Number of protein chains: 2
Amino acid sequence: MQKATAEKSDPIAAQLAPVGRETVQDRVYSELRRALIGGLFEPSQVLTIRGLADALMTSTMPVREALGRLITEKALEALPNRSVRVPPITLERMDDLLRARILIEGEAIALAATRMNSRQISIIESMLGDWDEMRALKHKKDVDREVTLNQAFHFEIYRACGSAVLIPMIESLWLQSGPCIRVAIYAFSDAGEVDTAHYHRTIVKAIAAQDAKEARDALVADISRPFTFLRSKLEAEAKRGMSA
Amino acid sequence: MQKATAEKSDPIAAQLAPVGRETVQDRVYSELRRALIGGLFEPSQVLTIRGLADALMTSTMPVREALGRLITEKALEALPNRSVRVPPITLERMDDLLRARILIEGEAIALAATRMNSRQISIIESMLGDWDEMRALKHKKDVDREVTLNQAFHFEIYRACGSAVLIPMIESLWLQSGPCIRVAIYAFSDAGEVDTAHYHRTIVKAIAAQDAKEARDALVADISRPFTFLRSKLEAEAKRGMSA
DNA sequence: TTATTTGATTTGTGATCACACTTGCATTGA
DNA sequence: TCAATGCAAGTGTGATCACAAATCAAATAA
């Protein structure tokens, strides 16, 4: 029988792209991740297996396994009733998440700053350009694209840190803070955009100069900003709740 | 109908302990975690759903979901053939794991050092005593108990750091380094025991003195030791492989 | 009107089945 | 003798079903 590996000597196989072997469960998992990081679900929202299966046009089986995986990485929460929901936002949890992100993403960007080659640096520089372009073109806020670009920019850098252990942890942290961040961006998108652009430019410049400390500091400022905004919003709401 | 929550005014309910509502899947997951952290599986060992289901005396359903969860936290590895195995040990991966553990567990113990109350401190002090007792009694090595005590000691401290985000990450790191550690302990248990005891005593003393830096340094030395041993062993094997 | 109960619907969990793919071994051919 | 072929057992994946627990709504009683 033909070998499964593409033979380099075979002129036909050279023309053929390998056909993916992704399972349905993998697609469901990726889709839910995307939705979570993008903040498509609201905090405290309850998700049902059959509901998601209908929405994703599949059976319950791949969905329940994907939900189980998301629960283990704390992207979702299993209630004692055995229903599953997006974790609610609390001040303590936000501070906890921010501290962990500063610690781990800070380490990753410091590593990346000393390891990125010129090709990788030019990629993130061009991403900066795409960003400016988008902001100039569209005056109304396009939060989805904003979130996607931001994610692509950061992970392009983290990927360069070369740690197969840190990167999944960072993904888990983004998964956990996704719903919070979305709320913050919605509330303060205009106020924060200019700062974001500034921090990102500082990051790129620091990496190009292989200045790990400067890169880390700029990153800390960048990821702290939405948390600070959200914190002030939550505190205002809590105060309003007290007086009511 | 009776409320599900225990009524404090009910004299009967006060006598009753809440009956757990653990699912079969949860038990399978916990059991596999225990086996992984304890190093009961060898690196590169392939696991089959039906095989585990037979061993655990359950059907395939809870096992496959537990395996999926362990794969997402990188405690197991999904091969392109769709079979799943314990990740093999490589030098790069070991260094990567150690760096992450130093970063995150170091932060956790520094936090704990400033937060542990006298009751919590006395608990870890008594664990030190249990340890000495065991070592005095049994001359032959009891690796299982050694690993269990070590885990209990460390996590008693980490729990006190009060971070619901960091602790699951540390659990994931232990899950990933479990198989490696077991190999190291087997190879070097006699050589390392006295060092382990010394580092643990230093940790307890530093925490009692609320000296975060000292506690972190001692922890780094403690968790680095098995990795250093294992590294030298792997390098020796690699050299032997070269000459053969 | 309000609190409680009863019944119907929804939901998660585990078992079983069907199917496709992989793996290992024996057979066949040169 | 050795490589290629073909068959059989093993394995993961997804669908479906049965059952128990939870939820919600209507109906009943105070």
Side-chain angles (χ1 to χ4, degrees), chain A residues 1-7 9-10 13 16 18-32 41 44-72 74-87, chain B residues 1-7 9-10 13 16 18-32 41 44-72 74-87:
Chain A
M1 206 214 222
Q2 193 87 350
K3 283 260 195 68
T5 55
E7 302 286 343
S9 57
D10 188 335
L16 260 35
V19 57
R21 293 178 37 84
E22 213 181 21
T23 63
V24 176
Q25 180 192 151
D26 290 334
R27 281 197 293 277
V28 171
Y29 176 69
S30 301
E31 186 62 21
L32 291 180
F41 298 131
S44 299
Q45 179 178 350
V46 175
L47 305 177
T48 66
I49 294 180
R50 287 176 173 87
L52 290 173
D54 289 348
L56 295 165
M57 301 218 298
T58 176
S59 80
T60 63
M61 184 62 56
V63 175
R64 56 198 271 195
E65 304 199 345
L67 286 185
R69 292 167 67 178
L70 290 168
I71 289 170
T72 64
K74 312 287 175 190
L76 295 175
E77 192 181 22
L79 274 58
N81 326 337
R82 306 224 161 137
S83 62
V84 16
R85 70 170 176 187
V86 182
Chain B
M1 205 216 226
Q2 192 86 349
K3 284 259 195 64
T5 54
E7 302 285 343
S9 57
D10 188 336
L16 261 35
V19 56
R21 292 180 36 81
E22 213 181 21
T23 63
V24 177
Q25 179 192 152
D26 290 334
R27 280 196 294 276
V28 171
Y29 176 70
S30 302
E31 187 61 21
L32 292 180
F41 299 132
S44 300
Q45 181 178 351
V46 176
L47 304 177
T48 66
I49 295 179
R50 287 176 173 89
L52 290 173
D54 289 348
L56 295 165
M57 302 220 296
T58 176
S59 79
T60 63
M61 183 63 55
V63 175
R64 57 199 270 195
E65 304 198 344
L67 286 186
R69 292 167 68 179
L70 290 167
I71 289 169
T72 65
K74 310 289 175 191
L76 294 176
E77 190 181 24
L79 274 57
N81 324 338
R82 306 223 161 138
S83 61
V84 17
R85 69 170 177 188
V86 182

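The basis for the numbers below is simple: all heavy atoms, side chains too, and nothing from hydrogens, waters or symmetry mates. Labels below follow one simple rule: chain letters A, B, ... track the order of the sequence lines, proteins then strands, and each chain is numbered from 1. What you see is a predicted model, and the numbers here were worked out from it, not measured in a lab.
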> Which letter, B, S or -, goes with each nucleotide of nucleotides 8-18 of chain D from 5' to 3', with contact meaning a protein heavy atom under 4.0 Å?
---BBBBBB--
> Show me the donor-acceptor pairs within less than 3.5 Å that the side chains of residues 64-72 of chain B make with the rest of the protein, sequence neighbours left out.
residue : atom : partner : partner atom : Å
B:R64   : NE   : A:E65   : OE2          : 3.1
B:E65   : OE1  : B:Q25   : NE2          : 2.6
B:E65   : OE2  : A:R64   : NE           : 3.1
B:R69   : NH1  : B:Q25   : OE1          : 3.1
B:T72   : OG1  : A:T72   : OG1          : 3.4
B:T72   : OG1  : B:R69   : O            : 2.7

> Suppose we screen for side-chain contact (heavy atoms from CB on, under 4.5 Å). Which residues come up paired with B:R27, at least two apart in sequence or across chains?
B:E22, B:V24
> Who are the side-chain contact (heavy atoms from CB on, under 4.5 Å) partners of A:S83, not counting sequence neighbours?
A:V46, A:L79, A:N81
> Taking side-chain contact (heavy atoms from CB on, under 4.5 Å) as the definition, give me every residue that meets it alongside A:E31, ordered by chain and number, with sequence neighbours left out.
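With sequence neighbours excluded, A:E31 shows a side-chain contact (heavy atoms from CB on, under 4.5 Å) to A:R34, A:L56, given in chain and number order.
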> Under 4.0 Å between a side-chain N/O of A:R21 and OP1 or OP2 of C:dT22, yes or no?
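The answer is yes; a side-chain N or O of A:R21 sits under 4.0 Å from OP1 or OP2.
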> Mind checking side-chain contact (heavy atoms from CB on, under 4.5 Å) for A:S59 and listing every partner two or more places apart, or none if nothing turns up?
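So A:S59 forms a side-chain contact (heavy atoms from CB on, under 4.5 Å) with A:M61, A:P62.
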